[in-house]
Amino acid sequence: MIAKDFITIQKGLASYIHCTPVITSSLLNKIIGVNLQFKCENFQKTGSFKFRGATYAIQQLTAAQKSRGVVTHSSGNFAQALALAAKGLGVKAHIVMPKNAPQVKKDAVLEYDGFITECEPGNTAREKSAAKIENEIGATFIHPSNNKNVILGHSTATLELLDQTHHLDIIVAPVGGGGLLAGTALAAHHFSSSSVIGAEPMQVDDAYRSLLSGKIEMNVHNNNNNTIADGLRTHLGSINFPIIQKYVDGIIRVEESEIISAMRLVFQYLKIVIEPSSAVALAAVIKEKEPFKSQNVGIILSGGNVNLDTLSFS
């Protein structure tokens, strides 16, 4: 990939996605001591950056592939993103979701005309169900984060951010499956001198450990990693991990209380709704304040799909 390829991707997506705003708070900057520029992907279609990658991945399919539909497994933002992206492009979307996925998320997929197949909880059951659909009807499987075109689509959030701001010294993005962080790093590498930092919960610090060990690490799923940032519980993949290894300058881990505190600050000073996974990036800047002090820092607010009925700032 060369720089002009990213511009082509950005132009090709422009009529399908929102160019989300960048907002600031002078009071918040004064409190933290950092010049913060927030890229608000909570205002993206379906309330998440994932609509970018989902749309671009479907755009790259052949006519024959589109006629057979697409399939993914997701209980969260990518389920909604792929369903709406497919609807807009005239493609059938099959979404494998665990039986215990929140009904509000299932309803959102159905509203976007997605076809839901329920499975037992766990990655094995999800992958098996998706593979069955892929084999039986020929639908193309699109992974939520470990897919080249999904990553390239996600890169457009940072391309916009760089267009909307002056010089940024550092860009910070949350990391779960790694698609957003990889896309952020690619865009920053080709179009700026900004360093890129990932942020993740201490409870699910597989990306941090992966960079240390040089191989993809997993999280052992138990009560000890029941982070409030549920969108970041997934692990890196074989496609995005090498990109992160090459272009990401480090990963900062944050505690649950720090995520909640950062989320409160966004609600209080920016007056917008974000999900806990988004707050992880701001929490990282606050925790490791010294390297960011007096710097121009871009923060990717990855989404705003939060269940206000269960939200607690206590």
Side-chain angles (χ1 to χ4, degrees), residues 1-25 28 35-60 77-78 80-90 108 112 142 144-145 147-174 179-194 196 231 266 269-275 277-279 281-282 296-306:
M1 296 289 292
I2 57 177
K4 69 177 183 180
D5 294 325
F6 288 87
I7 299 299
T8 300
I9 293 169
Q10 186 177 20
K11 289 181 178 178
L13 280 178
S15 63
Y16 293 92
I17 64 175
H18 292 321
C19 179
T20 55
V22 173
I23 63 176
T24 63
S25 167
L28 188 57
N35 181 26
L36 300 169
Q37 307 279 332
F38 293 91
K39 179 61 172 170
C40 297
E41 284 298 287
N42 53 313
F43 294 140
Q44 188 54 258
K45 292 181 180 180
T46 72
S48 163
F49 74 94
K50 294 193 175 183
F51 185 72
R52 295 175 181 271
T55 301
Y56 184 66
I58 295 175
Q59 285 180 323
Q60 300 314 297
N77 289 341
F78 196 74
Q80 300 172 57
L82 192 71
L84 182 59
K87 180 179 180 179
L89 293 166
Y112 298 142
I142 299 180
S145 57
N147 176 292
K148 176 187 175 182
N149 290 325
V150 168
I151 294 167
L152 292 175
H154 292 342
S155 74
T156 60
T158 297
L159 292 180
E160 288 178 7
L161 172 62
L162 293 170
D163 287 340
Q164 293 166 311
T165 58
H166 297 297
H167 171 74
L168 291 177
D169 299 296
I170 306 168
I171 301 173
V172 186
L180 175 62
L181 184 59
T184 300
L186 284 173
H189 170 72
H190 284 287
F191 292 93
S192 76
S193 59
S194 309
V196 174
V266 170
Y269 293 104
L270 300 185
K271 314 301 183 186
I272 61 175
V273 176
I274 64 167
E275 59 195 61
S277 297
S278 293
L282 176 59
N296 295 317
V297 178
I299 291 184
I300 309 290
L301 294 178
S302 54
N305 293 318
V306 60

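Position 1 is the first residue of the sequence; numbering continues from there.
The closest side-chain donor-acceptor pair between Q164 and K39 falls under 3.5 angstrom. Judged purely by distance below 3.5 Å, without hydrogens or angles, the side chains of T20 and E41 pair a donor atom with an acceptor atom.
Considering only heavy atoms from C-beta on, N147 stays 4.5 Å or farther from Q60 through its side chain. In this structure the side chain of N149 never reaches within 4.5 angstrom of the side chain of I9, judged on heavy atoms. L270 places a side-chain heavy atom less than 4.5 Å from the side chain of F38. The side-chain heavy atoms of F191 and T158, taken from C-beta on, include no pair separated by under 4.5 Å. The closest side-chain heavy-atom distance from N42 to E275 is not below 4.5 Å. Contact of the S155 side chain with the Q10 side chain is not registered, since no non-hydrogen atoms from C-beta on lie closer than 4.5 Å.
When all heavy atoms of P144 and V150 are compared, the pair lying nearest together is O-CG1, 3.5 Å. Minimum interatomic distance between H167 and S193 (heavy atoms only, all atoms of both residues): CE1-OG, 3.6 Å. The nearest pair of heavy atoms linking A188 to S194 is CB-O, 4.2 Å. Closest non-hydrogen pair, S277 versus P174, comes out as O-CB, 3.4 Å. Pairing each heavy atom of F43 with each of P21, the nearest pair is CD1-CG, 3.5 Å. Closest heavy-atom contact between N305 and S48: ND2-CB, 4.1 Å.
To the nearest 0.5 angstrom, S302 atom OG is 10.5 Å from H154 atom NE2. With rounding to the nearest 0.5 Å, the separation of CZ in F78 from CZ in F51 is 11.0 Å. Atom CG of L301 is separated from atom CD1 of I23 by 7.0 Å, given to the nearest 0.5 angstrom. For the atom pair CZ (F49) and CG (L180), the distance works out to 4.5 Å, reported to the nearest 0.5 Å. Of the inter-residue distances, the one linking K11 atom NZ with L13 atom CG reads 13.0 Å to the nearest 0.5 angstrom. Interatomic distance, E160 CD to Q44 CD, rounded to the nearest 0.5 Å: 7.5 Å.
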(Q) For T46 and Y112: C-alpha separation, side-chain torsions, deciding distance, then whether side-chain contact (heavy atoms from CB on, under 4.5 Å) applies. (A) CA-CA 10 Å; T46 72; Y112 298 142; 3.9 Å; yes
Q: Any chance you could lay out the side-chain contact (heavy atoms from CB on, under 4.5 Å) test for N296 and Q37, step after step, and finish with the verdict?
A: CA-CA 8 Å; N296 295 317; Q37 307 279 332; 5.7 Å; no
Q: Decide side-chain contact (heavy atoms from CB on, under 4.5 Å) for S192 and L168; before the verdict, give the C-alpha distance in whole Å, the side-chain angles of both, and the deciding distance to 0.1 Å.
A: CA-CA 8 Å; S192 76; L168 291 177; over 6 Å; no
Q: Quick one: do I151 and L186 satisfy side-chain contact (heavy atoms from CB on, under 4.5 Å)? Show the steps, please.
A: CA-CA 9 Å; I151 294 167; L186 284 173; 4.1 Å; yes
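For NE2 of H166, the number of neighbouring non-hydrogen atoms (other residues, nucleotides, ligands) closer than 6.0 Å is 12 at most.
Between the Q59 side chain and the G12 main chain, a donor and an acceptor come within less than 3.5 Å of each other. A donor-acceptor contact shorter than 3.5 Å links the side chain of T8 to the backbone of K4. Put simply, the side chain of K50 never gets that close to the backbone of Q80: no donor and acceptor are under 3.5 Å apart.
When L161, V196, V172 are each tested for a side-chain contact (heavy atoms from CB on, under 4.5 Å) with T184, only one passes: V196.
Taking the six-membered ring where tryptophan is involved, the planes of H190 and F6 are tilted, since the angle between them lies from 30° to 60°.
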